[in-house]
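Structure first, commentary second.
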Amino acid sequence: MLGMAVIAISSCGSNKKKEMVTTQEFGLSGGKEVFLYSLTNKAGNEIKLINYGAAIVQIDVPDRNGVKENVTFGYDSFGGYEKGDLYFGKVVGQYANRIAKGKLTIDSVEYSLSLNNGPNTLHGGNTGWHSRVWDAQVLKNTDFPAVRFTYNKPDMEEGYPGNVVAEVVYTWTDDNEIIMDYKVTTDRKTVLNITNHAYFNLHGAGNGDILDHEMMIKASAFTPVDSTLIPTGELRPVEGTPFDFRTPHTIGERIGEEYDQLILGLGYDHNFVLDNAEEVDAVVYDPLTGRVLEVITDQPGVQLYTGNFLDGSQTGIGGKVYNYRSGFCLETQHFPDSPNKPVFPSVILTPEEPFLSSTIYRFSVK
Ligand code: BGC
């Protein structure tokens with residue numbers, strides 16, 4: 001690992017001296033340098049990002065007594081990111097979640113993607129955007145600390161057509177919001193589904209499971225899956241099912257029910273069809289610490305994944321072990337396998353119209 005010397009400090013927002021971004025060396029990947037960016041807001045809270053996978057590494061936020069703890073999964077050193085394949089905090093592309101049998105057709109041309117999840121493609125394939133070193137730029141003269149990551153994806157990398165330019169700007173506001181602004185362009189018709197794959201535990205990452213967290217998702221339907229977790233194409237109303245989170249329920253309350261989709265998913269590992277009717281799309285509350293996470297997005301769906309495949313094999317920041325169901329993800333997205341499901345909202349990206357989208361993770365206490 002490279003030395004951790006601070007190599008740059010940038011203040012932003014001239015009248016807000018306390019907000020800043022520091023940059024440290026973090027590692028080397030394929031000859032490219034990986035840096036760790038620490039963003040401190042005016043409230044004195046810090047998040048950390050790296051340009052490998054444009055990932056969120058750490059989010060230190062207070063509980064109701066003001067005690068700060070990291071609430072997201074990450075690794076202390078670059079070695080963890082190189083070995084780990086669970087997408088901790090990373091930006092996932094070119095197609096987040098699954099594409100059935102790694103096949104898609106655009107204008108009668110069939111494209112084949114690598115199969116890295118049983119018979120299917122998951123999260124952009126073996127060397128998706130999560131495993132790339134992105135270019136990085138600390139933004140100046142912004143209201144809050146902000147970093148832009150850019151990835152230039154060559155035509156046909158991992159089988160996806162188009163020279164694609166993907167950009168995500170992370171902004172860390174004084175209200176403890178991580179704003180993720182995405183912009184993606186292409187030079188020829190392709191498909192796109194982009195998300196952030198952060199895992200959260202509002203007790204603090206590595207502090208027990210997340211089954212006692214109270215969750216609300218403003219979604220009246222979800223997309224049931226087959227045994228390989230590919231949507232069947234059905235939009236099933238949540239009414240009367242363990243997938244009804246329109247009012248708060250703990251994650252653990254119904255997760256063990258003998259319900260077909262919980263059995264197939266080994267828990268929750270499903271796309272919810274967001275109502276998109278109010279500002280906030282999902283709220284998670286930890287009664288123990290009082291921490292609250294709100295998720296706000298303009299995307300049509302969100303994947304609730306309850307860490308069903310976590311097995312304690314990953315050791316993260318501070319030596320904390322990430323056990324079974326010790327983290328949840330709320331991956332804002334288009335629906336899985338949309339390229340093969342004409343009834344789902346289109347995921348086609350054309351040279352004429354850039355993809356512009358924003359998702360916010362907002363932290364507070366109650
Ligand atoms: C998927 C899970 C997968 C996890 C980690 C989630 O987005 O839906 O099935 O295990 O990512 O790869």
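Everything quoted here is computed from the prediction, not taken from an experiment. All residue numbers in this chain count up from 1 along the given sequence. Quick note: numbers below take in every heavy atom, side chains included, and nothing from hydrogens, waters or symmetry partners.
Closest non-hydrogen pair, Ile178 versus Phe363, comes out as CD1-CE1, 4.2 Å. Taking both residues in full, the closest heavy atoms of Tyr324 and Asp209 are given as O-CB, 4.3 Å, listed atom of the first, atom of the second, then distance.
No side-chain donor from either of Asp63 and His203 sits under 3.5 Å from a side-chain acceptor of the other. With hydrogens and angles left out, the side-chain atoms of Tyr151 and Glu167 include no donor and acceptor closer than 3.5 Å. No side-chain donor-acceptor contact under 3.5 Å links Thr173 and Asp175. Defined by atom type and a distance below 3.5 Å, a donor-acceptor pair is present between the side-chain atoms of Gln261 and His270.
Under the ring-ring contact (aromatic ring centres under 6.0 Å, His included) test applied with Tyr37, the options Tyr170, Trp172, Phe149 reduce to a single match, Phe149. Screening Glu158, Lys153, Glu157 against Gln94 for a side-chain hydrogen bond (donor to acceptor under 3.5 Å, both in side chains) leaves a single residue, Lys153. When each of Tyr305, Tyr285, Tyr322, Tyr361 is checked for a ring-ring contact (aromatic ring centres under 6.0 Å, His included) with Phe200, only Tyr361 meets the rule.
Side-chain rings of Phe245 and Tyr268 approach one another, their centers coming within less than 6.0 Å. Checked against a 6.0 Å centroid threshold, the rings of His123 and His130 do not count as neighbours.
Looking only at distances, no side-chain donor or acceptor of Arg246 sits under 3.5 Å from a matching main-chain atom of Met216. Under a 3.5 Å cut-off, the side chain of Arg64 and the backbone N or O of Pro287 do form a donor-acceptor pair. When atom types are taken as modelled, the side chain of Asn201 and the backbone of Gly206 share no donor-acceptor pair closer than 3.5 angstrom.
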From CA spacing to verdict: side chain to side chain donor-acceptor pair (under 3.5 Å), Thr228, Asn120: CA-CA 8 Å; Thr228 69; Asn120 304 318; 3.0 Å; yes
Lys320/Asn207 under side chain to side chain donor-acceptor pair (under 3.5 Å): CA gap, chis, key distance, verdict: CA-CA 8 Å; Lys320 295 281 183 76; Asn207 298 347; 3.0 Å; yes
ring-ring contact (aromatic ring centres under 6.0 Å, His included) between Tyr199 and Phe88, worked out: CA-CA 6 Å; Tyr199 292 68; Phe88 291 178; 5.2 Å; yes
Criterion ring-ring contact (aromatic ring centres under 6.0 Å, His included) on Phe222 and Phe243, from CA distance to verdict: CA-CA 8 Å; Phe222 73 107; Phe243 286 71; 4.1 Å; yes
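Within 6.0 Å of CD in Glu110 there are more than 12 heavy atoms belonging to other residues, nucleotides or ligands. Within 6.0 Å of NZ on Lys101 lie no more than 12 heavy atoms contributed by other residues, nucleotides or ligands.
Using a cutoff of 4.0 Å between basic side-chain nitrogens and carboxylate oxygens, Lys218 and Glu279 are not scored as salt-bridged. Ion pairing between Lys103 and Asp337 fails under the 4.0 Å rule for side-chain N and carboxylate O.
Here the CD1 atom belonging to Ile50 is positioned 7.0 Å from the NZ atom belonging to Lys90, to the nearest 0.5 angstrom.
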